[in-house]
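The block underneath contains the structure these notes are about, expressed in C-alpha cells.
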Amino acid sequence: MREATTELMSAESDWRVYEELDFSRILDAALQAFFEHGYHGTTTRDLARRAGLSVPGVYHYYPSKQDILFDLMNVVIDELLDRSRQALATASADPRSQFDVLVESLLRFHMHRRIGATVSTAELRSLEPGNRERYVAKRDEQQRMLDSVVLDGVREGVFSTPYPKDASRAIASMCVGVASWYRPDGSLPVDALLDRYLTIARSIVGRDD
C-alpha cells in the first residue's frame, strides 16, 4: 500500500505552467533528504522524522527505502514524459516547431523541477538492477522523442547536423545540466534563459532560422 502521490497532468493542463508539487508526506521528505544528504546518507528513521511518522508508519506505505526512491524517481520522470508529450501535441508537423517546444519543455522542467531532476540523476546509481532497468526505459523513451524530431529535421533538410543522434544527446545533456545551477532568484530571467539555450540547441542541429 503506497501513500498517494501527485497525479499526472490533465488533458487540459498547460505544459508551460508549473504549480507547487503536492507530494505525499513521505515523498516530500525523501525529495528533500535525498537532495541534501543523498540516498545512502539518509535512513528510514530520518524519513519518518521528516514526514511526521513513525518508522512502522513509513513501512505501512513502503516496504523499503529503495521503494521510496523508485517511486520518487518515477513521479519525476512521469511528469517529464507527460509534459513532453503535451508539448509535442501543441506543435505543428514541422520538425522545427516540434524541436522548439520539446527543447523548451525540457528546459522548463529542469528549471522548475530542479531538485527532483537532480536527485533522479544523482541517484540512478542507487537503484537496484530491476528498478534501474525500468527507470532507464522511461528515460530512454524521453530521449527517443528528441531523437525522432532531430532525425525528421535532418531527413526534411531543415537540420544540417551530420550526427543527429549525437546532437540529440548533447542537447538533452545540456537541458539536464540546467538543474545543477539554475536558481529562481538568479540574474537571468526565465524567458531570456530559454531564448539563449534554444539558440544554442538550434545551432547544435545546424539550424540557422
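Sequence positions, counted from 1, serve as the residue numbers for this chain.
Not counting sequence neighbours, Ser105 has no partner by the side chain to side chain donor-acceptor pair (under 3.5 Å) test. Residues satisfying the side chain to side chain donor-acceptor pair (under 3.5 Å) criterion with Arg114, sequence neighbours excluded, are absent altogether. By the salt bridge (charged side-chain N to carboxylate O under 4.0 Å, His left out) test, Glu104 pairs with Arg16, Arg108, sequence neighbours left out. Checked against side chain to side chain donor-acceptor pair (under 3.5 Å), Ser168 has the following partners two or more places apart in sequence or in another chain: Gln143, Asp147. In terms of the ring pair (Phe, Tyr, Trp, His ring centres under 6.0 Å) criterion, His110 has no residue partners (sequence neighbours excluded). A search for side chain to side chain donor-acceptor pair (under 3.5 Å) contacts involving Ser64 returns Asp67, not counting sequence neighbours.
Taking CD1 of Ile68 as the start and CE of Met73 as the end, the distance is 14.0 Å to the nearest 0.5 Å. Between the NE2 atom of His112 and the CD atom of Glu20 there is a distance of 13.5 Å, given to the nearest 0.5 Å. Remark: Tyr62 OH to Asp71 CG distance equals 3.5 Å, nearest 0.5 Å. In this structure, Leu106 CG and Leu198 CG are separated by 11.5 Å, a value rounded to the nearest 0.5 Å.
Identified under the salt bridge (charged side-chain N to carboxylate O under 4.0 Å, His left out) test for residues 175-203, with sequence neighbours left out: Asp100-Arg202. The salt bridge (charged side-chain N to carboxylate O under 4.0 Å, His left out) pairs that include a residue from residues 126-140 are Asp78-Lys138, where partners are two or more places apart or lie in different chains. Annotation: salt bridge (charged side-chain N to carboxylate O under 4.0 Å, His left out) contacts involving residues 26-55, sequence neighbours excluded, comprise Glu36-Arg50. Sequence neighbours left out, not one pair with a member in residues 176-209 passes ring pair (Phe, Tyr, Trp, His ring centres under 6.0 Å). Residue pairs that meet the salt bridge (charged side-chain N to carboxylate O under 4.0 Å, His left out) test with at least one member in residues 167-181, sequence neighbours left out, are Asp166-Arg169.
Applying the side chain to side chain donor-acceptor pair (under 3.5 Å) test between Tyr39 and each of Arg125, Gln66, Glu123 identifies Gln66 as the sole match.
By the rule that hydrophobic residues join a cluster once side-chain heavy atoms approach within less than 4.5 Å of another member, Val176 and Val178 end up as members of separate clusters.
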Can you list, pair by pair, the side-chain donor-acceptor contacts under 3.5 Å of residues 155-165, counting residues two or more places apart and other chains?
residue: Arg155; atom: NH1; partner: Asp152; partner atom: OD1; Å: 2.8
residue: Ser160; atom: OG; partner: Gly206; partner atom: O; Å: 2.9
residue: Thr161; atom: OG1; partner: Tyr163; partner atom: N; Å: 3.1

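At a threshold of 4.5 Å between non-hydrogen side-chain atoms, the residues Ser120 and Ile77 do not count as touching. Residues Arg85 and Leu81 meet the side-chain proximity criterion, which asks for heavy atoms closer than 4.5 Å. By the 4.5 Å heavy-atom criterion applied to side chains, Leu88 and Val149 are counted as neighbours. In this structure the side chain of Tyr59 never reaches within 4.5 angstrom of the side chain of Leu53, judged on heavy atoms. The side-chain heavy atoms of Thr199 and Ser203, taken from C-beta on, include no pair separated by under 4.5 Å. Counting heavy atoms from C-beta on, the side chains of Val76 and Val119 never come closer than 4.5 Å.
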message = Run the side chain to side chain contact (heavy atoms under 4.5 Å, CB included) test on Ser180 and Thr118 for me, step by step, so that the C-alpha distance in whole Å, both residues' side-chain angles and the decisive distance to 0.1 Å come before the verdict.
response = CA-CA 7 Å; Ser180 68; Thr118 298; 5.6 Å; no

key: side chain to side chain contact (heavy atoms under 4.5 Å, CB included) evaluation trace for Val75 with Leu21   = CA-CA 11 Å; Val75 170; Leu21 285 172; 5.8 Å; no

message = Apply side chain to side chain contact (heavy atoms under 4.5 Å, CB included) to residues Leu72 and Phe23 and explain how you reach the verdict.
response = CA-CA 9 Å; Leu72 175 64; Phe23 272 149; 4.0 Å; yes

message = Leu146 vs Ile171, test: side chain to side chain contact (heavy atoms under 4.5 Å, CB included). Steps then yes/no.
response = CA-CA 9 Å; Leu146 187 57; Ile171 292 165; 4.0 Å; yes

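Nearest heavy-atom pair across Arg25 and Gly52 is NH1-O, 4.2 Å. When every heavy atom of Ser97 is checked against every heavy atom of Ala91, the shortest pair comes out as OG-CB, 3.4 Å.
Using a distance-only test at 3.5 Å, with no hydrogens or angles considered, no donor-acceptor pair links the side chain of Lys65 to the main chain of Leu47. Panel note: side chain Ser173, backbone Ala170; no donor-acceptor pair is recorded below 3.5 Å. Put simply, the side chain of Thr90 gets close to the backbone of Ala87: a donor and an acceptor are under 3.5 Å apart.
Side-chain contact annotation: Asn74 with Tyr135, donor-acceptor N/O pair under 3.5 Å absent.
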